[in-house]
Amino acid sequence: MQTGPEADEPCLRADAARNRARLLEAAARLIAEHGVAGVTMEAVAAAANVGKGTVFRRFGDRTGLLTALLDHSAKRLQADFLSGPPPLGPGSPPLERLRAFGTAVLHRTAEQLDLQLAAQPEPTRRFTHPAFGSLHMHTTVLLRQIVPGADCELLAHTLLASLDPALIHHLTRQRGMPMERLEAGWLDLVARVTGTDRPR
């Protein structure tokens, strides 16, 4: 039977994962109750019944905590488009998947808009963040199946720009546009970029 530090490591990792999940759940509850402004390191520590130092050690600072919340949500979305049911997941033609993908990202962004804006990386790091990289890669792969002769890497950036949280904030909250108009705009943009018909 193995003893010592190596035997304890899996247990320590499991405890750390549980603590991290508990802290993220506490932060999510605070956002639901008080908005992003209600999420401080102190408030999360109190809600999770741990010391403030634990929160700082786990996430570094408030931005790190908010980013971890977004990453958790991004992983759920990634699981949906990589292995979930169609049309977002595998099993539908690539054009249908692209349409569904943009709609899903649009609604996720609108639902978490304050969090997305608060945790958004600085402009020079925005496009190198793993969460964006996952969205861009998926969009590029689908485009290569629909328009194989195009510069799909750049076209993917064009499409994703229309789903940027700052733009969605401007359109929905400052301009008062309904989500239905943004959905229709996404479908129209996909049709124009790919040279396909809009869905009826």
Side-chain angles (χ1 to χ4, degrees), residues 1-84 88-89 101 104-139 156-157 160-161 163-174 179:
M1 180 176 173
Q2 188 180 13
T3 59
E6 290 184 10
D8 292 339
E9 248 179 51
C11 183
L12 289 172
R13 283 197 299 268
D15 285 346
R18 279 194 296 271
N19 286 339
R20 186 177 190 276
R22 192 170 72 178
L23 290 169
L24 289 175
E25 287 167 11
R29 283 198 309 272
L30 287 171
I31 288 177
E33 293 168 5
H34 307 291
V36 173
V39 179
T40 64
M41 304 299 264
E42 294 82 359
V44 171
N49 199 27
V50 299
K52 185 171 68 172
T54 300
V55 187
F56 277 97
R57 282 192 300 275
R58 182 64 54 197
F59 302 106
D61 57 18
R62 183 174 182 271
T63 300
L65 172 63
L66 296 177
T67 301
L69 273 171
L70 269 187
D71 287 346
H72 183 65
S73 173
K75 285 174 183 170
R76 287 203 309 269
L77 176 65
Q78 185 177 24
D80 287 342
F81 66 68
L82 289 179
S83 58
L88 182 57
F101 168 78
V105 173
L106 180 63
H107 281 276
R108 170 180 167 268
T109 301
E111 288 164 7
Q112 304 176 334
L113 195 49
D114 291 334
L115 173 60
Q116 295 232 8
L117 291 172
Q120 201 166 49
E122 63 178 85
T124 57
R125 293 191 298 117
R126 186 177 305 171
F127 301 110
T128 58
H129 192 277
F132 179 84
S134 172
L135 300 182
H136 182 263
M137 176 60 73
H138 183 64
T139 306
H157 278 291
L160 291 173
L163 303 173
D164 181 76
L167 176 61
I168 292 173
H169 175 271
H170 169 67
L171 295 177
T172 59
R173 296 192 182 176
Q174 296 176 333
M179 288 296 291

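Being a predicted model, the structure only gives us computed values, none of them experimental.
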Q: Rounded to the nearest 0.5 Å, what's the gap from CG on Leu66 to CG on Leu117? Could you check?
A: 11.0 Å

Show me the side-chain donor-acceptor pairs of residues 31-54 shorter than 3.5 Å, one per line, residues at least two apart or across chains.
from  : atom 1 : to    : atom 2 : distance (Å)
Thr40 : OG1    : Ala43 : N      : 2.9
Thr54 : OG1    : Arg57 : NH2    : 3.3

Q.
Nearest 0.5 angstrom please: Ser83 OG to Gln78 CD, how far?
A. 9.0 Å

Q | side chain to side chain donor-acceptor pair (under 3.5 Å) partners of Asp61, counting only residues at least two apart | A | none

Q.
Checking Asp80 now: which residues fulfil side chain to side chain contact (heavy atoms under 4.5 Å, CB included) with it, not counting sequence neighbours?
A. Leu88

Q) Of all residues at least two apart in sequence or in a different chain, which pass the ring pair (Phe, Tyr, Trp, His ring centres under 6.0 Å) check with Phe81? A) Phe101, His138

**Q.** Arg108: side chain to side chain donor-acceptor pair (under 3.5 Å) partners, not counting sequence neighbours
**A.** Ser73

Q) At what distance, to the nearest 0.5 angstrom, does NE2 of His169 lie from CG of Leu113? A) 6.0 Å

Q: Start with the C-alpha distance between Leu135 and Leu77, add both sets of side-chain angles, then the distance that settles side chain to side chain contact (heavy atoms under 4.5 Å, CB included), and finish with yes or no.
A: CA-CA 9 Å; Leu135 300 182; Leu77 176 65; 4.1 Å; yes

Q.
To the nearest 0.5 Å, what is the distance between CD on Gln116 and OG1 on Thr67?
A. 10.5 Å

Q) In Å and rounded to the nearest 0.5 Å, what is the NZ to CG distance from Lys75 to Leu82? A) 13.0 Å

(Q) Does the plane of the ring in Phe132 sit parallel, tilted or perpendicular to the ring in Phe127? Use 30° and 60° as the thresholds. (A) perpendicular

**Q.** Any donor-acceptor N/O pair, Thr128 side chain to Arg125 backbone, under 3.5 Å
**A.** yes

Q | Full working for side chain to side chain contact (heavy atoms under 4.5 Å, CB included) between Leu69 and Gln112 | A | CA-CA 10 Å; Leu69 273 171; Gln112 304 176 334; over 6 Å; no

Q. CD of Gln174 to CD1 of Ile168: how many Å apart, nearest 0.5 Å?
A. 13.0 Å

Q | Residue Met179 excluded, over 12 heavy atoms near CE under 6.0 Å | A | yes

Q. When you look at Thr109 and Leu163, which way does the side chain to side chain contact (heavy atoms under 4.5 Å, CB included) test go after all the steps?
A. CA-CA 8 Å; Thr109 301; Leu163 303 173; 5.6 Å; no

(Q) Please enumerate all residues that pass side chain to side chain contact (heavy atoms under 4.5 Å, CB included) together with Leu167, with sequence neighbours excluded. (A) Asp164, Leu171

